Amino acid sequence: METKKTVIVTGGSQGIGAGVVTGFLNKGYNVVATSRNITKSNAFKPNDNLILVDGNIGDIATAHTIAETAVGKFGSIDALVNNAGIFFTKPFTDYTMEDFRNLTATNLDGFIYLSQIAIKQMLKQKTGGSIVTITASIVDHPISALTASVPMITKGGLQAISKSLALEYAKDGIRVNTVAPGIVDTPLTQGFPKDFLKTLSPMDRVSDVQDIVDAVIYLSEAKSVTGETLHVDNGAHVGKW
C-alpha cells in the first residue's frame, strides 16, 4: 500500500488557498493548512487527513511549527504550496516603505522560511518533492488598469528564485514551479464590477478558483515539469487584445 503524501498549503483559509486544500484532500493527500486565523475560519469540516495551523507566515517560528506538525503527525513533507500573499494596487508614487515591508514579509520572507525547511526535509527523505508558488500573470505582462508595481517586485522575485531552485535541486528530484493567475473570482476581487474584470483578458472571462487549483495539483504531480511558470489567465499573457 502506497504511503499517503503530505502537502503544506499556506494562506489556506479562503479563496485559492482553501480551494487548493480541498483539492488535495479530494486527491487523498494529508494536508497541513495554515493562515493567521485558520482554526477560527470554519472553512473546513473536521478531517483526519487535515491539520490547521495558525500563524504569521512572515515569522520563522510559524514555519518551524508548520513543518514540525507535518512531520510529527504525518511523517513527511512531500509538497509545498506557497499561496499566502499580499496584493494591492496603488499608483507607484503612493506606495510607502511600510507597504513594501509588509509585502516582502509575507510574500518573500514567508517563501524563504518555509521553502528552506521543506527542502531540507525533502533532501532527508530522499524521495524528491514539489514546491509550487502562486505568483501573478502581470509579473511578465502588466495591465495598465492594474497599477501593482511594488507588489510585482515580490511576485517577480518568486518566479526568479523558483527557476534557480528548480535547477539547484533537479538532481534531487525536487521540482519547483509557479502558477501565474490572472483575474480570479475570489474575495480579493469582490467589489470590482464583473464586466470590468472580464475585460482584463482576451477570453473575456474571470477564472474560477478551481482553474487555479487544477494547475497547482497538475504541477505538484507532473514528474517531468520543473522551472515552469504556468499562466492561468485566460490568455492575458499572450499579448495585446
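Everything quoted here is computed from the prediction, not taken from an experiment. All heavy atoms count here, side chains included; hydrogens, waters and symmetry mates do not.
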Is the number of heavy atoms from other residues, nucleotides or ligands under 6.0 Å of [X] [atom1] greater than 12?
{"X": "D48", "atom1": "CG", "value": "no"}
{"X": "K40", "atom1": "NZ", "value": "no"}
{"X": "Q190", "atom1": "CD", "value": "yes"}

If you look at every heavy atom in [X] and [Y], which pair is closest and at what distance?
{"X": "A215", "Y": "L230", "answer": "CB-CD2, 3.7 Å"}
{"X": "I212", "Y": "P181", "answer": "CD1-CB, 3.7 Å"}
{"X": "A145", "Y": "F196", "answer": "CB-CZ, 4.1 Å"}
{"X": "I86", "Y": "N102", "answer": "CD1-O, 3.4 Å"}

Salt-bridge criterion met for K163 and E228 (N-O under 4.0 Å): no
Going by an N to O cut-off under 4.0 Å, is there a salt bridge joining D211 and R205? yes
Any side-chain heavy atom of [X] sitting closer than 4.5 Å to one from [Y]?
{"X": "V132", "Y": "V179", "result": "yes"}
{"X": "D140", "Y": "H231", "result": "yes"}
{"X": "N177", "Y": "I131", "result": "no"}
{"X": "T127", "Y": "M122", "result": "no"}
{"X": "L80", "Y": "S130", "result": "no"}
{"X": "E221", "Y": "K27", "result": "yes"}
{"X": "F87", "Y": "M152", "result": "yes"}
{"X": "V7", "Y": "D78", "result": "no"}

Going through the distances and angles, do T189 and V184 end up as a side chain to side chain contact (heavy atoms under 4.5 Å, CB included)? CA-CA 7 Å; T189 55; V184 186; 5.9 Å; no
Would the distance check show the side chain of [X] and the main-chain N or O of [Y] forming a donor-acceptor pair, the cut-off being under 3.5 Å?
{"X": "D54", "Y": "I38", "answer": "yes"}
{"X": "T104", "Y": "R101", "answer": "yes"}
{"X": "T34", "Y": "V53", "answer": "yes"}
{"X": "D172", "Y": "I174", "answer": "no"}
{"X": "T106", "Y": "L103", "answer": "no"}
{"X": "T62", "Y": "N56", "answer": "yes"}
{"X": "R175", "Y": "L219", "answer": "yes"}
{"X": "K5", "Y": "I77", "answer": "no"}

If you apply the rule side chain to side chain contact (heavy atoms under 4.5 Å, CB included), what do you find for V20 with N83, and how did you get there? CA-CA 9 Å; V20 169; N83 168 71; 5.8 Å; no
Does anything in residues 13-61 pair up under ring pair (Phe, Tyr, Trp, His ring centres under 6.0 Å), and if so which pairs, sequence neighbours excluded? F24-Y29
Any ring pair (Phe, Tyr, Trp, His ring centres under 6.0 Å) involving residues 53-78? Give me the pairs, sequence neighbours left out, ordered by first then second residue. none
Quick check: is V9 connected to I51 through a chain of hydrophobic side chains (ILVMFWY, heavy atoms under 4.5 Å apart)? no
Indicate, with yes or no, if L108 and Y113 share a hydrophobic cluster defined by side-chain heavy-atom contacts under 4.5 Å among Ile, Leu, Val, Met, Phe, Trp and Tyr. no
Take Q125 and Q121 through the side chain to side chain contact (heavy atoms under 4.5 Å, CB included) test and state the conclusion after the steps. CA-CA 6 Å; Q125 291 165 191; Q121 179 64 25; 2.9 Å; yes
Could you walk me through whether D99 and K90 pass salt bridge (charged side-chain N to carboxylate O under 4.0 Å, His left out), step by step? CA-CA 10 Å; D99 290 335; K90 289 183 179 182; 2.7 Å; yes
Checking side chain to side chain donor-acceptor pair (under 3.5 Å) between Q159 and each of T133, T178, T135, which is the one that passes? T135
State, without any angle test, whether [X] and [Y] hold a side-chain donor-acceptor pair at a distance under 3.5 Å.
{"X": "T10", "Y": "N82", "result": "no"}
{"X": "D204", "Y": "T199", "result": "no"}
{"X": "N234", "Y": "S207", "result": "yes"}

Do the rings of Y95 and F88 sit parallel, tilted or perpendicular, given the 30° and 60° boundaries? tilted
Roughly how far apart are S41 OG and L52 CG, rounded to 0.5 Å? 6.5 Å
